[in-house]
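Lettering follows sequence order; numbering is per chain, from 1. On a predicted model such as this, the values are computed, not experimentally measured, just so you know.
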Number of protein chains: 2
Amino acid sequence: MHRFSKKVSMTVVKRLPKYYQYLSDLQLNDIEKISSRELASLMGLTASQIRQDLNSFGGYGQQGYGYNVGELKEAIKEILVLDSEYNCIIIGGGNMGHAIANYERFKREGVILKGVFDVDPLTVGTVVGSVVVKHMDELDGFIESNEIDIAILCVPREVGQKVATQVTELGVKGILNFSPLDLDVPSDVVVENVNITDSLFTLTYLLGE
Amino acid sequence: MHRFSKKVSMTVVKRLPKYYQYLSDLQLNDIEKISSRELASLMGLTASQIRQDLNSFGGYGQQGYGYNVGELKEAIKEILVLDSEYNCIIIGGGNMGHAIANYERFKREGVILKGVFDVDPLTVGTVVGSVVVKHMDELDGFIESNEIDIAILCVPREVGQKVATQVTELGVKGILNFSPLDLDVPSDVVVENVNITDSLFTLTYLLGE
DNA sequence: GGTTTATTGTTATTATTTTATCAAAAAAAG
DNA sequence: CTTTTTTTGATAAAATAATAACAATAAACC
């Protein structure tokens, strides 16, 4: 599927969004080229690591010059497959779902919000982001007729697994999971967890150091 | 500061919240002991890794028996310094701030929400979580008189750095940062980032694999 | 055009993390 | 009470990741 033959390690992949962010910012400031050393000082990494990282998927730099910001950004965009569009739905129209629905950045990068679903009769019918919240009863039909690629789960822990099973059975292949539990999904489904409690606990650890 | 002499690597620390979660769940189900093998299959890790991890901060296991769930949980709780209380504030009373304010889990683990702040006149005065939203103008005095340990930043990217600087100057030592930018803070301040866009981009990568 | 400087890509080294192995200890079984 | 089984803690090995070093190349300068 990927258009880059060299395999990129997961450690590097996890850093790519950050590179992408910094390169986008540089581009907005009309900066055309940057050296690994400059980028390192900007991002708080070592120049060596940056060169290793960027070289794991190709020779986008030029000796004595550095990296072309726009070119490198586009390359990373391709690796992260942000040059395609994704249809997504948010499940759970509470505050978290609402917050995500308003992320302008998602749409800008090709992740299109197609629907928001909830069980609460008070939430159903309200407008969240750009869409009207539908009842969960309509979920099955909606996924089937809208080619949904990504489900963003913003539901309570108690129902997280149930919902995950439901959407994967309907063909959703990617889940961005805000529910604080680990999901059990088929092997062809990918899950990315955003566990806020875990982050808080890492913070309390660091505070105690 | 830490009551455990052996140093715990950051890789392990990042896994501790997950151990803590699973052990809490086991305890709720009245399970008293567990072996590294059982826990491994539950958590999707290897038994060897679990033994290494747990052994990096002490001998909580017993040969031929396994680990005592309650005891191990309490040990991890101490390492994560979840046996103390923290006063926290949320800055930004939008949907994200609202969502976090309603996380019951935070209070249960000793992270007490003392205030929510916003600049929007329509938000100021509304009730979020257990508190009434105050205007940002009141932030300085509030932090000084309430011994705030943690600031949870749910503000737009444009003002993130400004707010971070403001709270650190007032003595806040920990920031849970939901604003999509890297914060520049004094070296005695710790930041834990929750970057939702980065997580989404990791997901699009995985979808393309 | 030749020389100097900057900067990459690559290789080598070091550090860290994960996995495997196994003796020692405790529990369970007989 | 002895033997077998379980399971840890510790050590060793393998894999992965980060840093350092440097030759090769391009740009900048004179």
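- The stretch residues 43-53 of chain A touches DNA chain C through Arg51(A), Gln52(A), each having a heavy atom under 4.0 angstrom from the strand.
- Among the nucleotides dT17(C), dA18(D), dT18(C), the one closest to the side chain of Arg15(B) is dT18(C).
- Rounded to the nearest 0.5 angstrom, Thr123(A) OG1 and His98(A) NE2 are separated by 10.0 Å.
- Atom OH of Tyr60(A) is separated from atom C1' of dA26(D) by 20 Å (rounded to the nearest Å).
- Applying the ring pair (Phe, Tyr, Trp, His ring centres under 6.0 Å) rule to Phe117(A) yields the partners Phe142(A); only residues at least two apart in sequence or on another chain are considered.
- For Asn55(B), the listed nucleotide lying nearest its side chain is dA10(D); candidates were dA18(D), dA26(D), dA10(D).
- The distance between atom CG of Leu54(B) and atom C1' of dT18(C), rounded to the nearest whole Å, is 15 Å.
- Nearest approach of Val111(A) to Leu200(B), heavy atoms of both residues: CG2-CD2, 3.7 Å.
- In this structure, Asn68(B) atom CG and dA26(C) atom C1' are separated by 15 Å, rounded to whole Å.
- At a non-hydrogen distance threshold of 4.0 Å, nothing from residues 22-34 of chain B comes into contact with DNA chain D.
- Within the 4.0 Å cut-off from OP1 or OP2 of dT6(D), not a single side-chain nitrogen or oxygen of Ser35(B) is found.
- For Asp30(A), there are no side-chain hydrogen bond (donor to acceptor under 3.5 Å, both in side chains) partners, not counting sequence neighbours.
- Where Gly61(B) and Gly64(B) each meet DNA chain D at their nearest nucleotide, the meeting point lying more 5' is that of Gly64(B).
- Nucleotide dT4(D) holds its C1' atom 21 Å from the OH atom of Tyr65(B), rounded to whole Å.
- With hydrogens and angles ignored, no donor-acceptor pair closer than 3.5 Å exists between the side chain of Gln63(A) and the base of dT25(D).
- Applying the 4.0 Å criterion to OP1 and OP2 of dT17(C), one finds that Thr11(B) has a side-chain N or O inside that range.
- Between Gln62(A) and dA27(D), a side-chain N or O to OP1/OP2 separation shorter than 4.0 Å is present.
- Atoms CG (Leu72(B)) and C1' (dG9(D)) sit 14 Å apart, rounded to a whole Å.
- Scanning for side-chain hydrogen bond (donor to acceptor under 3.5 Å, both in side chains) contacts around Gln21(A) gives Asp25(A), Arg105(A), with sequence neighbours left out.
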| said: I'd like to know whether Thr165(A) forms a side-chain hydrogen bond (donor to acceptor under 3.5 Å, both in side chains) with Glu169(A), so could you lay out the CA-CA distance, the side-chain angles of the two residues, the decisive distance to 0.1 Å, and finally the verdict. | reply: CA-CA 6 Å; Thr165(A) 303; Glu169(A) 280 174 355; over 6 Å; no

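- When the side-chain nitrogen and oxygen atoms of Tyr67(A) are compared with OP1 and OP2 of dG9(C), one or more of them lie within a distance under 4.0 Å.
- Ring geometry for Phe57(B) versus Tyr60(B): interplanar angle of 30 to 60°, hence tilted.
- By the 4.0 Å N-to-carboxylate-O rule, Lys14(A) lies too far from Asp198(B) to be salt-bridged with it.
- For residues 9-53 of chain A, the set of pairs meeting the ring pair (Phe, Tyr, Trp, His ring centres under 6.0 Å) definition, not counting sequence neighbours, comprises Tyr20(A)-Phe201(B).
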